[in-house]
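In this text the structure is predicted, and so the values were computed from the model without any measurement.
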Amino acid sequence: RSDKKKAIAPYIQDDMREMIYRLARHLDLCEGDTGVKLIQVALNNRRCMEFFSKFFKRSYQFNEDQLFIGHATAADILPYVQPKPDTSRFKVKISQELSNQLFEFQIALGTPYIA
């Protein structure tokens with residue numbers, strides 16, 4: 001199937017998980033759908049990409065007219081995304097298109113997995 005969903009389970013802080021649950025209840029959506037929408041918004045938000053640009057090891061094409069140049073000496077993102085005592089996995093299922101976009105983002109960050 002071309003519309004097959006891919007499961008991902010990034011670690012998030014427990015207080016962030018609670019915020020997602022509250023937002024989902026307010027929007028009358030399930031937590032997984034709310035998480036997917038938050039990922040989509042983040043990947044298409046210029047300010048969010050500007051925050052992550054200091055971690056880009058490789059160049060990242062943001063939208064059609066914006067390219068963030070990566071640097072081999074960029075800060076390492078792994079300490080920022082590694083699990084901590086107050087984190088747990090947040091499971092969501094994403095479309096192939098969003099998976100491809102996350103994969104490109106992962107490559108730019110130089111991480112071995114989608115976090």
Side-chain angles (χ1 to χ4, degrees):
R1 291 178 43 182
S2 63
D3 62 341
K4 181 122 173 104
K5 302 264 183 169
K6 179 180 179 180
I8 62 170
Y11 284 97
I12 65 169
Q13 294 176 343
D14 293 335
D15 58 341
M16 295 292 177
R17 176 187 292 273
E18 180 61 32
M19 287 183 203
I20 292 171
Y21 287 146
R22 288 180 185 179
L23 182 59
R25 283 192 303 264
H26 181 71
L27 297 173
D28 198 26
L29 293 172
C30 71
E31 291 83 13
D33 289 345
T34 303
V36 170
K37 290 189 182 300
L38 288 170
I39 293 168
Q40 290 170 328
V41 167
L43 286 175
N44 293 304
N45 183 282
R46 182 182 169 89
R47 286 185 57 201
C48 186
M49 288 304 115
E50 287 172 354
F51 169 81
F52 282 107
S53 67
K54 64 185 169 215
F55 299 107
F56 287 157
K57 304 274 186 201
R58 296 191 176 130
S59 296
Y60 180 70
Q61 183 72 43
F62 175 72
N63 293 335
E64 294 175 9
D65 60 346
Q66 178 87 36
L67 177 70
F68 288 99
I69 304 298
H71 301 280
T73 59
D76 189 11
I77 190 74
L78 290 179
Y80 186 77
V81 298
Q82 284 182 335
K84 295 171 185 65
D86 64 339
T87 61
S88 58
R89 292 208 178 255
F90 185 73
K91 298 175 185 171
V92 295
K93 290 191 176 188
I94 59 174
S95 67
Q96 186 62 46
E97 181 182 337
L98 184 57
S99 177
N100 293 342
Q101 194 175 1
L102 271 174
F103 183 68
E104 293 296 323
F105 186 63
Q106 169 195 349
I107 289 172
L109 291 171
T111 62
Y113 56 89
I114 294 177

Novice: For the backbone of C48 and the side chain of N45, can you confirm whether one donor and one acceptor N or O come within less than 3.5 Å of each other?
Specialist: yes
Novice: Check this for me: E97, atom CD, are more than 12 non-hydrogen atoms of other residues, nucleotides or ligands nearer than 6.0 Å?
Specialist: no
Novice: What verdict does the side-chain contact (heavy atoms from CB on, under 4.5 Å) test give for R46 and N63, after you've listed the backbone C-alpha separation in whole Å, the side-chain angles of each residue and the deciding distance to 0.1 Å?
Specialist: CA-CA 9 Å; R46 182 182 169 89; N63 293 335; over 6 Å; no
Novice: Any chance you could lay out the side-chain contact (heavy atoms from CB on, under 4.5 Å) test for K37 and L27, step after step, and finish with the verdict?
Specialist: CA-CA 11 Å; K37 290 189 182 300; L27 297 173; over 6 Å; no
Novice: Any salt bridge (Lys or Arg N to Asp or Glu O under 4.0 Å) involving residues 52-74? Give me the pairs, sequence neighbours left out, ordered by first then second residue.
Specialist: none
Novice: If you look at every heavy atom in A108 and S59, which pair is closest and at what distance?
Specialist: CB-O, 4.1 Å
Novice: Sequence neighbours excluded, which residues qualify as side chain to side chain contact (heavy atoms under 4.5 Å, CB included) partners of L38?
Specialist: I20, L23, T34
Novice: K91: what forms a side chain to side chain contact (heavy atoms under 4.5 Å, CB included) with it, not counting sequence neighbours?
Specialist: A9
Novice: Could you give the distance from CD (Q101) to CD1 (I39), rounded to the nearest 0.5 Å?
Specialist: 10.5 Å
Novice: Side chain of Q61, backbone of Q66: donor and acceptor closer than 3.5 Å?
Specialist: yes
Novice: Same cluster for Y80 and L78 if Ile/Leu/Val/Met/Phe/Trp/Tyr side chains link at under 4.5 Å?
Specialist: yes
Novice: Please find the pair of heavy atoms, one from Y11 and one from T87, that lie closest to each other, and give the distance.
Specialist: CD2-OG1, 4.0 Å
Novice: For the residue pair F90 and E31, what are the closest heavy atoms and their distance?
Specialist: CZ-O, 3.4 Å
Novice: Could you state whether L43 and F68 fall into the same hydrophobic cluster, counting links through intermediate Ile, Leu, Val, Met, Phe, Trp or Tyr residues with side-chain heavy atoms under 4.5 angstrom apart?
Specialist: yes
Novice: Please evaluate residues M16 and M19 with respect to the criterion side-chain contact (heavy atoms from CB on, under 4.5 Å), reporting the C-alpha separation (whole Å), side-chain torsions for both, the decisive distance (0.1 Å), and the verdict.
Specialist: CA-CA 5 Å; M16 295 292 177; M19 287 183 203; 4.2 Å; yes
Novice: Same cluster for I8 and I107 if Ile/Leu/Val/Met/Phe/Trp/Tyr side chains link at under 4.5 Å?
Specialist: no
Novice: Could you tell me whether a side-chain N or O of Q106 sits under 3.5 Å from a main-chain N or O of T111, the two making a donor and an acceptor?
Specialist: yes
Novice: Say whether N100 and E104, considering side chains only, have a donor N or O and an acceptor N or O under 3.5 Å apart.
Specialist: no
Novice: Grab the two heavy atoms, one from S88 and one from D14, that are nearest each other, plus how far apart they are.
Specialist: OG-OD1, 3.1 Å
Novice: Inspect the surroundings of CZ in R22 and state if more than 12 heavy atoms from other residues, nucleotides or ligands are less than 6.0 Å away.
Specialist: no
Novice: Count the heavy atoms belonging to other residues, nucleotides or ligands that lie under 6.0 Å from CG of D28, then report whether that count exceeds 12.
Specialist: no
Novice: Are F105 and F52 near enough that their ring centres are under 6.0 Å apart?
Specialist: yes
Novice: If hydrophobic clusters are built from ILVMFWY residues whose side chains come within less than 4.5 Å, do L67 and M49 share one?
Specialist: no
Novice: Distance check, rounded to the nearest 0.5 Å: S99 atom OG versus K4 atom NZ?
Specialist: 12.0 Å
Novice: Is the CZ atom of F103 crowded by more than 12 outside heavy atoms at less than 6.0 Å?
Specialist: no
Novice: Would L109 and F56 count as a side-chain contact (heavy atoms from CB on, under 4.5 Å) here? Give the steps.
Specialist: CA-CA 5 Å; L109 291 171; F56 287 157; 3.6 Å; yes
